[in-house]
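Below is one structure, written out as structure tokens; comments come after it.
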Amino acid sequence: MKEGVAFLLTHLPICMIYLFMSQQPNKQFPFSFQFPQWRRSGSLQVANTNITSHGDTSTLRVGIIGGGIAGVSVAHALVGKFLRDKRKCDIVVIEGDPYACSNSFNKPVTNQWKAATARNANSMVPAAAMHVFSEKSALWNVLRDTLVEFYELKREQLQSLWPSSTQKITRSEQFAIAPPYFALHLWKCIGSTASSAERWSFITFMKHYLRASLWRNDAHERGKQLVALAAANRNLFLQYSQNSTTFSRGFLSLHRTADSAKQALDEIHEFGESAEMISWERTIQLEPRLGRLPIQPLFTVHRTNDIIANCGAFVKSLVNKCEKTGVLFRNATVKGVIALDGPKPKYRVTFEDGSSDDFDVVVLAAGIRNALLAAGMGLGDYVPIYPLRGYSFTLNFESPVNEEKKIHMNKPFSVDSIYCSSISPTSTRMAGFGEFVGYPEKAGDVPSLGPKILTRYSQVLFPDATNATIAKILPCFRPMSPDDMPLAGEIRPGLFVHGGHGTLGWTLGLATGECVAQAMADYINGGQDTPAMYFEFPDGSKIQRSILSPNRFLN
Ligand SMILES: Cc1cc2nc3c(=O)[nH]c(=O)nc-3n(C[C@H](O)[C@H](O)[C@H](O)COP(=O)(O)OP(=O)(O)OC[C@H]3O[C@@H](n4cnc5c(N)ncnc54)[C@H](O)[C@@H]3O)c2cc1C
């Protein structure tokens, strides 16, 4: 009871801040930068002076900030566009992490690279893409899970102080109850340890998140758009991966009740994806490790057309392809972007080491840092992305056991929202949890049940792993968009954003990378008489540009 009251008291300020913000829709950062005069045209914005027009042959400099799936997918898609138009163009991908695949060329991708691209669950899941986070029920789940976690952590504290007086085991130690997934540590997001820019990025995110989840009644429609994007993404992936054997199809989604499994199956069919209900015996046949779970039987939905492939390794293969076509990769951390005054849009990218570089076109593809980079330009309202912490656990095995497939798992699966998939002949990835704890540098001391729960599941499912200890579990931050739709498009002439894929960066990133490249090509080629309404994919499907445009947050 006391904890409940404490929880309400600590979380009351967010409601007040939301009310305050919703009264001031045009609230800008105190250090906002004024841009030269731009003219709006349709949903896109066009500069007074086009930087190029048809027939212009000068070399154009494009800087892409971020070498994760978001940045590299744009670079790769853009190369194709420019080759067709025979336009001279220098593309530079700027990546700050020394372990990123673009900075460690001759080494395999490892989870020393902190990006979500390197630590995710490697599941391309169109049949689960309809589960938007920005809907009413998710909001209540966040609040409920936060309360549960708070209570459990307090009990654990008591247990460690007086082990004999509180014998009851906590939720992080038992399988009978599904563990909490979300957590909201509000004080870390807006409290004294957060910088002013970090605080505003949370408030801006929350303002749009609450609007999308409480006021807009279009979660179902957004789910449909996400599934359609994910299907286009899968087709692009298959097109790029022709003749490759490095991916598998089929995903086992485990449910605790028959009703929940049936509901999931109906939903998948409603959204046009394929799935079937299978018996527990069949489930164990497909993935014998599941027979070790102490909670049995579970109810299985087999999503037959979802794909598992190593996201980091795939991004590395795109980097290699890009390199061959002349794309440059630079290892440097971007400090800020400044719009330069002049007749043509131009941007100065400044680096932590004090140097700088000028570009005609810049793409913000820096994952969770996009919001802060945009805010530094006074454009924070266009990019309300915020980090959501998850955990990533790469389990190693001594040698391949399954001689036929050379992997330690037959089928990827999810149980209690924990994803498990094989990423190489000698390793498997477990991943899960969603915690609002602010930005990574200041979140190290935020307590969490996540690592303990992951360790417990790993020790049951993978007792043969050589490193199933809590110390090996790594945090990993997803760039969340407040309405779940990624941001892919133009902010200002010459300035683009690609990000906010949340839990679905691998499921959507190739398709939205293609969208950003199309928007950039239109801009570079001098625009069209009538701005295009849709982004079109090679499989013939399309999506309305305004749905992904960062301008949507200004309405
Ligand atoms: C635990 C977990 C599991 C997940 N599982 C899945 C899954 O199974 N399927 C799925 O579809 N999605 C999954 N995701 C989501 C997916 O991983 C992300 O949406 C996606 O990786 C985001 O890609 P990104 O390129 O935008 O960001 P990132 O992968 O974070 O890459 C951003 C890059 O930008 C660089 N950067 C940042 N700031 C700067 C700067 N100032 N200067 C230079 N470089 C900079 C960073 O170093 C980084 O390399 C998961 C995420 C997590 C956390």
Side-chain angles (χ1 to χ4, degrees), residues 63-74 92-103 109 111 113-126 128-129 226 229-230 233-234 237 251 306-312 314-315 329-337 349-352 363-373 376 385 387-394 412 414 417-421 423 429-435 439-440 450 454 473-481 486-488 497-513:
I64 300 175
I65 305 172
I69 175 93
V72 174
S73 63
V74 172
V92 185
V93 178
I94 304 157
E95 168 55 57
D97 192 321
Y99 294 103
C101 65
S102 54
N103 295 329
V109 179
N111 58 8
W113 183 14
K114 294 193 180 78
T117 296
R119 294 183 177 178
N120 69 34
N122 299 300
S123 314
M124 202 176 271
V125 286
L226 286 168
L229 258 183
N233 189 83
R234 178 176 52 206
F237 170 82
F251 188 96
D306 283 355
I307 284 177
I308 298 297
N310 188 324
C311 177
F314 184 84
V315 170
F329 290 86
R330 176 171 177 188
N331 180 199
T333 300
V334 173
K335 195 171 169 200
V337 182
V349 173
T350 60
F351 299 101
E352 294 284 2
V363 184
L364 305 180
I368 58 167
R369 311 287 172 184
N370 277 338
L372 301 181
L373 288 173
I385 291 174
L388 182 73
R389 181 170 75 180
Y391 289 98
S392 175
F393 195 3
T394 308
S414 67
S417 301
I418 295 171
Y419 274 60
C420 303
S421 59
I423 54 169
R429 172 77 44 79
M430 296 179 83
F433 302 97
E435 305 172 340
Y439 283 80
L454 267 186
I473 297 177
L474 298 172
C476 176
F477 289 75
R478 310 170 180 90
M480 299 298 287
S481 153
L487 284 75
V497 61
H498 187 212
H501 296 84
T503 57
L504 296 173
W506 183 216
T507 304
L508 307 172
L510 298 176
T512 49

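Indexing begins at 1, ligand by ligand and atom by atom, following the structure's order.
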key: ligand 1 N/O within reach of G390 N/O, cut-off under 3.5 Å   = no
inquiry  = I'd like to check whether M124 has a polar contact with ligand 1, where a contact means an N/O of the residue lying under 3.5 Å from an N/O of the ligand.
reply    = no
request  = Check each heavy atom of N122 against ligand 1 and say whether those closer than 4.0 Å belong to the side chain, the backbone, both or neither.
outcome  = backbone
note = The protein heavy atom nearest to atom 39 (C) of ligand 1 is A366 CB, 4.0 Å
task = Compare L508, T503, I308, I94 and give the one whose heavy atom is closest to atom 10 (C) of ligand 1.
result = T503
message = Give me the residue, atom name and distance of the protein heavy atom closest to atom 45 (C) of ligand 1.
response = G96 N, 4.1 Å
request  = Output yes when the distance from some N or O of ligand 1 to some N or O of W506 is under 3.5 Å, and no in every other case.
outcome  = yes
note = of all protein heavy atoms, closest to atom 8 (O) of ligand 1 is S123 N, 3.1 Å
note = If you compare R369, R330, K114, K335 by their heavy atoms, the one closest to atom 38 (N) of ligand 1 turns out to be R369
ask   = In the protein, what heavy atom is nearest to atom 29 (O) of ligand 1, and what distance, to one decimal place, separates them?
value = T117 OG1, 2.5 Å
ask   = Taking it one step at a time, do I307 and R234 satisfy side-chain contact (heavy atoms from CB on, under 4.5 Å)?
value = CA-CA 8 Å; I307 284 177; R234 178 176 52 206; 3.6 Å; yes
request  = For atom 49 (O) of ligand 1, find the nearest protein heavy atom and state the residue, atom name and distance (0.1 Å precision).
outcome  = E95 OE1, 2.6 Å
query = Which bit of A332 is near ligand 1, meaning a heavy atom under 4.0 Å away: side chain, backbone, both or neither?
reply = backbone
Sub-3.5 Å N/O-N/O distance, A70 and ligand 1 = yes
ask   = N/O of S392 under 3.5 Å from N/O of ligand 1, yes or no?
value = no
query = Under a heavy-atom criterion of less than 4.0 Å, does A118 contact ligand 1?
reply = no
Side chains of T512 and H498, donor plus acceptor under 3.5 Å = yes
request  = Return the residue, atom name and 0.1 Å-rounded distance of the protein heavy atom closest to atom 42 (N) of ligand 1.
outcome  = V334 N, 2.9 Å
ask   = Hey, does F433 sit under 4.0 Å from ligand 1 if you only count heavy atoms?
value = no
task = Please report the closest heavy-atom contact between A121 and Y419, naming both atoms and the distance.
result = CB-CB, 3.6 Å
key: A115 and ligand 1 - part of the residue with a heavy-atom distance under 4.0 Å   = both
request  = Considering only non-hydrogen protein atoms, determine which one is nearest to atom 4 (C) of ligand 1 and report residue, atom name and distance to 0.1 Å.
outcome  = N120 CB, 3.2 Å
query = Considering only the protein, which heavy-atom contact is closest to atom 2 (C) of ligand 1, and what is its distance?
reply = R478 NH2, 3.9 Å
ask   = With no hydrogens and no angle check, do the side chains of R478 and T503 hold a donor and an acceptor under 3.5 Å apart?
value = no
query = Is any N or O atom of Y391, backbone or side chain, closer than 3.5 Å to an N or O atom of ligand 1?
reply = no
Close approach of G502 to ligand 1, heavy atoms, under 4.0 angstrom = yes
